[in-house]
Amino acid sequence: MMDIEQVITAANEAGVRLIRFLYCDNGCVIRGKLAHIDSLARRLETGIGLTVAMQAMNMLDQLQPVEGMGPVGEIRLMADPDSFVVLPYAPHSAAMMADMLTLDRRPWGACPRSFLKRMIAQSADHGFSIQAAMENEFSLLRADGEISYAPIDTGLCFSSVSMTAAAAVIDDIIAALESQEIAIDAYYPELGHGQHELPIRHAPALRAADKQIWFRETVRNVAHQHGLLASLAPKPMPEQAGNGCHIHWSVWDTDGNINLLYEPDDPYRLSQMGYHFIAGVLDHLPGLLALTAPSYNSYRRLQPHFWSSAYTAWGPDNREAAVRVASGMWGYEAETVNLELKASDPSHNPYLALGGLIAAGLDGVARELTPGEPELIDPGNYSDEERAARGIERYPTSQAEALDSLEKDEVLMAALGPELSCSYLAVKRSEFQAFEGEDLAFEIKHHLHKF
Ligand code: GLU
Ligand code: MG
C-alpha cells in the first residue's frame with residue numbers, strides 16, 4: 001500500500017519527470033494525461049481534468065452520440081497511489097491508474113475501474129474476496145515492408161527454436177515486469193507463429209486488473225525497443241492461433257486465508273459454491289462475452305477446435321470448454337484449485353471483464369444455479385443434437401450479437417449501471433459498424449496497433 005507522500009518520494013528518487021494518469025476506456029484502449037513532477041503533489045489532490053466525451057470515443061477515435069457525453073462537462077482523473085510504477089521502458093516516466101470522479105468527488109457512473117470496485121464490494125457482501133490472474137498470449141512481429149508485419153519465428157508449439165528467436169526480448173520484458181513488481185509464473189512459446197505466453201501471478205481483483213494494464217504496456221513498449229511490434233490483438237493472423245487472455249480466478253474468504261472453491265471430497269475438488277459460480281458465468285456468458293471478448297476481431301478467434309472455446313460448456317482441465325476447472329498443483333491443492341474463463345482475450349478492458357465475471361458468478365451463487373454435467377471431450381465434437389441434449393449452446397459469433405446479448409442481460413446491465421452500459425454499447429456498436437464496412441486488412445491494422 002502506498003500513500004501520496006510515498007508516491008512523491010518514490011517519483012523524486014527515481015528522477016521522474018512525467019507521471020502518466022492512465023485509464024482504460026470503453027473502446028478498451030489505454031489512454032491518459034500526464035502530470036509534471038513539479039505539480040504531482042497538487043495533481044494527486046485535485047486530479048487531472050478530462051472531458052466526459054472520452055467515454056463516448058471508440059477505438060477509431062470516432063466520437064459517438066451518447067447523452068451527457070458531448071463537449072460540455074468534465075470529470076477528474078484521480079490517480080490511485082497504490083498503482084504507482086516507475087516505467088522501465090520510457091525515460092524519466094512513471095504511471096498510475098486513475099479512477100474517474102465527478103466534480104462533486106463521487107465515482108463517475110461511466111468509470112470502468114469504479115465498476116470493478118463496486119463488484120469487489122458486492123463480493124465482500126457475500127463474504128468473498130476474489131483473486132485473479134490474466135494469462136496473456138501475444139504475437140511478436142517484425143516489419144515486413146511498409147505496412148505489413150511478419151512473425152519473428154515460425155517455430156512449433158513450445159519449441160526451443162522459438163525460445164531462441166525470442167530470448168532477448170522476452171528476457172527484457174520479464175526484467176521490466178519484475179521492476180514493476182509484476183511476478184512472472186512461467187513462459188512458453190505458443191502454437192501460433194511468433195506467439196508467446198507469459199502468465200503472471202494472481203493478485204486481488206483490482207490489482208490483477210491494474211497488472212493487466214501494466215502488462216499490455218510493458219510488452220508493447222519493450223518489444224518496440226527491440227524494433228519489434230508486440231500485438232495482443234485476439235487474431236492478428238487469421239490463419240494462426242489466436243491470442244487469449246484467459247482469466248483465472250478463485251474465491252476466498254474476506255481475509256484471503258481460505259480458498260472457498262476447494263472441497264477435498266468432490267471429484268474435481270470443487271465446492272458447491274464453486275459450481276454455482278460456474279453456472280452463473282455460463283448463464284450470463286452470451287452477454288459477458290461483450291465484456292471479455294469485446295472487439296470486432298475477438299470473434300475471429302472464438303471458433304471451435306482452436307482451444308479458445310466456442311460453446312457454453314465447462315469441464316475439468318477441458319481446454320475447449322468456456323470454463324475450465326483447473327486442477328490444483330500437487331501438494332498445494334487447497335490453494336491452487338481455480339477456475340479459468342477461456343472466452344476472454346487481451347482486447348478487453350480488464351476492469352469491465354473482471355467486474356462482469358464477478359457479477360455473473362455472484363448471480364449464480366445467489367440463485368444457487370448448477371452448471372449441469374461436466375464436458376469431458378471437446379464440445380465441438382458432439383453432433384448438434386448431442387449438444388442440444390446436453391444443454392450446450394454455441395455462444396455469440398460476432399461482436400454485434402454479443403452486444404445484443406449484453407443489452408438483454410438484466411443482471412449485467414444493472415451491475416454496469418446506466419451510464420456505463422449505455423456508453424459502452426454505443427461505442428462498441430459503432431466499432432462493429434465501422435469494421436463491417438471495411439476489409440480484413442483494415443480490421444487487422446487497427447487491432448494490431450491498438451492492443
Ligand atoms: N491460443 C488459445 C486461445 O486462443 C489458447 C491455447 C491454450 O493456451 O490453451 O485462447
Ligand atoms: Mg496458451
Side-chain angles (χ1 to χ4, degrees), residues 132-141 151 153-159 162-163 166 170 173-174 184-202 212 215-216 219 230-249 281 285 288-289 291-327 338-348 350 353 357 375-381 394-399 402 444 447-448 451:
M134 308 256 175
E135 189 184 89
N136 291 279
E137 295 164 329
F138 54 91
S139 304
L140 288 173
L141 310 164
D153 67 82
T154 52
L156 306 175
C157 188
F158 306 149
S159 81
S162 305
M163 293 176 202
I170 292 291
I173 290 172
I174 294 175
I184 289 296
D185 191 45
Y187 158 66
Y188 17 91
E190 260 283 0
L191 175 65
H193 291 171
Q195 192 182 35
H196 296 261
E197 174 166 340
L198 273 173
I200 47 183
R201 289 190 55 78
H202 65 88
Q212 175 63 9
F215 186 89
R216 276 172 62 177
V219 168
S231 183
L232 292 97
K235 198 83 166 174
M237 290 166 277
E239 69 291 353
Q240 293 287 324
N243 290 323
C245 174
H246 307 157
I247 304 178
H248 288 260
W249 80 98
V281 170
L285 190 59
L288 181 61
L289 276 181
L291 303 175
T292 60
S295 64
Y296 186 87
N297 187 240
S298 295
Y299 294 83
R300 235 176 252 293
R301 165 178 169 259
L302 297 172
Q303 304 288 339
H305 312 305
F306 273 90
W307 296 48
S308 58
S309 89
Y311 299 96
T312 56
W314 73 280
D317 284 332
N318 187 338
R319 288 180 166 77
E320 280 285 355
V323 177
R324 167 169 85 107
V325 181
S327 47
N338 69 88
L339 300 171
E340 177 187 32
L341 181 71
K342 301 274 293 187
S344 168
D345 72 61
S347 69
H348 62 36
L357 178 82
E375 296 312 329
L376 304 178
I377 66 163
D378 178 350
N381 288 346
R394 180 74 171 101
Y395 56 54
T397 56
S398 72
Q399 185 190 30
I444 300 293
H447 289 82
L448 207 60
F451 302 111

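Reckoned from all heavy atoms, side chains included, excluding hydrogens, waters and symmetry mates. We count ligands from 1, going down the list as the structure has it; atoms in each ligand are counted the same way.
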Do you see an N/O/S atom of E137, backbone or side chain, under 2.8 Å from the Mg ion (ligand 2)?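 Short answer: yes, at least one N, O or S atom is under the cut-off.
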Give the residue and atom name of whichever protein heavy atom lies nearest to [atom], and the separation in Å to one decimal.
| atom | answer |
| --- | --- |
| atom 4 (O) of ligand 1 | R301 NE, 2.8 Å |
| atom 9 (O) of ligand 1 | K342 NZ, 2.9 Å |
| atom 6 (C) of ligand 1 | E137 OE2, 3.4 Å |
| atom 8 (O) of ligand 1 | E190 OE2, 3.0 Å |

Is there side-chain contact between [X] and [Y], with at least one heavy-atom pair below 4.5 Å?
| X | Y | value |
| --- | --- | --- |
| K342 | E135 | no |
| H196 | Y188 | no |
| R324 | D317 | yes |

Is it true that S295 and N297 share a donor-acceptor pair across their side chains at a distance under 3.5 Å?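 Looking only at side-chain atoms, S295 and N297 do not form any donor-acceptor pair under 3.5 Å.
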In terms of side-chain heavy atoms, does N136 have a donor or acceptor partner in Q212 at a distance below 3.5 Å?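 On atom types as modelled, these side chains qualify, holding a pair under 3.5 Å.
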I need the atoms of ligand 1 closer than 4.0 Å to a non-hydrogen atom of H246, numbered in the order shown.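 Contacts of ligand 1 toward H246, numbered from 1: 3 (C), 5 (C), 7 (C), 8 (O), 10 (O).
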Under 4.0 Å from any heavy atom of S308, which atoms of ligand 1 are there?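 Heavy-atom distances to S308 below 4.0 Å select 3 (C), 4 (O), 10 (O).
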Heteroatom distance test (E135, ligand 1): nitrogen or oxygen, under 3.5 angstrom: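 Min N/O separation from ligand 1 is not below 3.5 Å for E135.
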Close N or O approach (G242, ligand 1; < 3.5 Å):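 By distance alone, the answer is yes.
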Which atom, among the N/O/S set of E190, is closest to the Mg ion (ligand 2)?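 Looking at E190, the N, O or S atom with the least distance to the Mg ion (ligand 2) is OE2.
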Suppose we only allow N, O or S atoms; which atom of E197 ends up nearest to the Mg ion (ligand 2)?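 So the atom name we want here is OE1.
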Do side-chain atoms of Y395 reach the backbone of S309 as a donor and acceptor pair under 3.5 angstrom?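 At least one qualifying donor-acceptor pair exists.
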Check C245, P234, S298 against H348 for a side chain to side chain contact (heavy atoms under 4.5 Å, CB included) and give me the one that passes.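 Filter result, single survivor: C245.
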Could you measure the distance from the CD atom of E340 to the CG atom of N318? Nearest 0.5 Å is fine.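 Here the rounded value is 10.5 Å.
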